[in-house]
Engineer: 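Got a structure for you, written out below as structure tokens; questions coming shortly.
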Number of protein chains: 2
Amino acid sequence: MRNKATLIYNDLLQKIEQEVYPLGSYLPSENQLCELYGISRETGRKALASLAENGYIQKIRGKGSLVIEHRQYEFPVSGIVSYQELAHQLGIQTRNEVVGFNPNAQLPAHRFTIVEPTVTVAPVTAIKRVRVINGEPAIIDKDYLLKSVVPTIPKTAAETSLYAYLEGQLGLQIAYATKEITMEPANEEDREYLQLDKGAYMAVVRSMTSLADARPFQYTESRHRADKFRFRDFARRQKRG
Amino acid sequence: MRNKATLIYNDLLQKIEQEVYPLGSYLPSENQLCELYGISRETGRKALASLAENGYIQKIRGKGSLVIEHRQYEFPVSGIVSYQELAHQLGIQTRNEVVGFNPNAQLPAHRFTIVEPTVTVAPVTAIKRVRVINGEPAIIDKDYLLKSVVPTIPKTAAETSLYAYLEGQLGLQIAYATKEITMEPANEEDREYLQLDKGAYMAVVRSMTSLADARPFQYTESRHRADKFRFRDFARRQKRG
DNA sequence: TTTGACAGCTTGTCTAAACAAGTTTATAGT
DNA sequence: ACTATAAACTTGTTTAGACAAGCTGTCAAA
């Protein structure tokens, strides 16, 4: 990372995870961080603010930055993390089956709001994948990527990691996403690919992902077996005036 | 709110929602904000950073702060918002039935980790409530509040708003929470209170809420009818070094 | 017409300083 | 032994300034 605050954030985070700063202990004070890293106080404070934001510490005035219990990475996580990144972090035995690949599909464009408001249908690349975890098919991912942003996608990228291709090869800057989680009855496709009984339920995560320049480019529908689904979140209470 | 950044955050947020700054437009530049509000640039930047964090704007270098589509408040929301606050914001017709109130209950203390690690059981006040939305019972909330933090809770507080009592009456500063969402088959209690068939599924949200001094004080199990459940989230991608 | 350089905007990063306010500890006085 | 005060820590807020880097339009040169 280029900026100092992120470097310090990563360093402190690593030391929290390695229990150099264990649960219930205090991080070095802001002034100590200045000396330790050779930075100004505000720079250190930015790193601490991010740690607090993500649930690793709680800042207490007059005392310091307390290391608190944070959510471990579970599957699937909140945040934008690609499946491959996640599986790697967790050491999960996983396989990726591309069961559909259509480089010339169409999608109603009302989903991609700001971009092309006049066009009613947008050309997309459609990818359908089944995630097999420990030998059991658990998730169906349906991705639709705007061809105006990503003209071509090699099938091998879908088989390995889509994000590695988008960020690494194409240099796209993936910035943010909105997600919606609902519970829905399994449809025929679900039952077929995931070998489920009738009456089974699915956790469905629909998300729109956008680039740093605010162009939405990817719509995803991720359908999870109910019994395999878990979502963890950390939230801070906002005080409104 | 006391600090300027929060004041400006609230003011900008209001103007975004009232479409003074509509979707797709740019907020005043940072230097303009300085003049508009009579503040320094860093103070304005803190307000903008919070707006970006919560998904209202996307900052684009060289251009400005673009107003992007943000999640409307849906039910239930991410974040820590009390049921009453939420229902009020949404104008939902809602009723609150306290179906259980035990001021002398016990709960395994391993949930409240840092506080009392040696004690195996913690004294809590147990509250069970059914949320009735538009005449239909939709949610069962089971709350357990540590008596070491909140010694007594009037039953009327449970009938109206628990958070209003904790923050308003007792002056407690509720700071953060970790949540976990899973899908589980409905149990007998669910079926009884929510009038469900056998084989019905529930969305279960378990959460631990803590104060500003990092003391966890509340464990909640919120059980939602599957067909009424929806969770919306906004996430930014983190770049790791 | 096209190209290229540049000025003037924008946000991003970083620093140094000052003061307010909450916590802890040492100390002096009772 | 107890208490009140003060000093020395902590984080919280705010400012002013500097320079880097990305975007856009202007204007002059080719």
Engineer: Classify the angle between the aromatic ring planes of B:Tyr56 and B:Tyr9 as parallel (below 30°), tilted (30 to 60°) or perpendicular (above 60°).
Structural biologist: perpendicular
Engineer: When the distance from CZ of B:Arg45 to P of D:dG17 is rounded to whole Å, what number comes out?
Structural biologist: 17 Å
Engineer: Could you tell me how far apart A:Leu48 (CG) and D:dT10 (P) are, to the nearest whole angstrom?
Structural biologist: 13 Å
Engineer: Nearest whole angstrom, please: distance from the P of D:dT15 to the NZ of B:Lys46.
Structural biologist: 10 Å
Engineer: What residues form a salt bridge (Lys or Arg N to Asp or Glu O under 4.0 Å) with A:Arg236, not counting sequence neighbours?
Structural biologist: none
Engineer: Along nucleotides 22-27 of chain C, 5' to 3', which nucleotides get a B, which get an S, and which get a -, given that the test is a protein heavy-atom distance under 4.0 Å?
Structural biologist: BSS---
Engineer: D:dT10 P sits how many Å from B:Asp213 CG, rounded?
Structural biologist: 20 Å
Engineer: Checking ring pair (Phe, Tyr, Trp, His ring centres under 6.0 Å) for the pair A:Phe231/B:Phe231: CA distance, chi angles, key distance, verdict?
Structural biologist: CA-CA 10 Å; A:Phe231 183 87; B:Phe231 182 90; 5.4 Å; yes
Engineer: Whole-Å distance between D:dT13 P and B:Tyr9 OH?
Structural biologist: 15 Å
Engineer: Less than 4.0 angstrom from a charged side-chain N to a carboxylate O is my criterion; do B:Lys128 and B:Asp143 meet it?
Structural biologist: no
Engineer: Taking the side chain from B:Ser50 and the backbone from B:Lys46, do they hold a donor-acceptor pair closer than 3.5 Å?
Structural biologist: yes
Engineer: Which residues pass the salt bridge (Lys or Arg N to Asp or Glu O under 4.0 Å) test with B:Lys147, not counting sequence neighbours?
Structural biologist: none
Engineer: What residues, two or more places apart in sequence or in another chain, satisfy side chain to side chain contact (heavy atoms under 4.5 Å, CB included) together with B:Pro151?
Structural biologist: none
Engineer: With respect to the phosphate group of D:dT13, does any side-chain polar atom (N or O) of B:Lys4 fall under 4.0 Å of OP1 or OP2?
Structural biologist: no
Engineer: Calculate the interatomic distance between A:Gln173 atom CD and D:dG22 atom C1'; express it in whole Å.
Structural biologist: 11 Å
Engineer: In this structure, how many angstroms lie between the P atom of D:dG17 and the CD atom of B:Glu42, rounded?
Structural biologist: 14 Å
Engineer: For B:Lys179, does its backbone N or O pair with a side-chain atom of A:Arg232 as donor and acceptor, under 3.5 Å?
Structural biologist: no
Engineer: Could you check which residues of residues 29-40 of chain A get a heavy atom under 4.0 Å from DNA chain D? Sort them by number, please.
Structural biologist: A:Ser29, A:Glu30, A:Asn31
Engineer: Just to verify, what does B:Thr182 make a side chain to side chain contact (heavy atoms under 4.5 Å, CB included) with, not counting sequence neighbours?
Structural biologist: A:Arg230, B:Glu180, B:Glu184, B:Val204, B:Arg206
Engineer: Would you kindly give the OH-to-P distance between B:Tyr26 and C:dC9, to the nearest whole Å?
Structural biologist: 18 Å
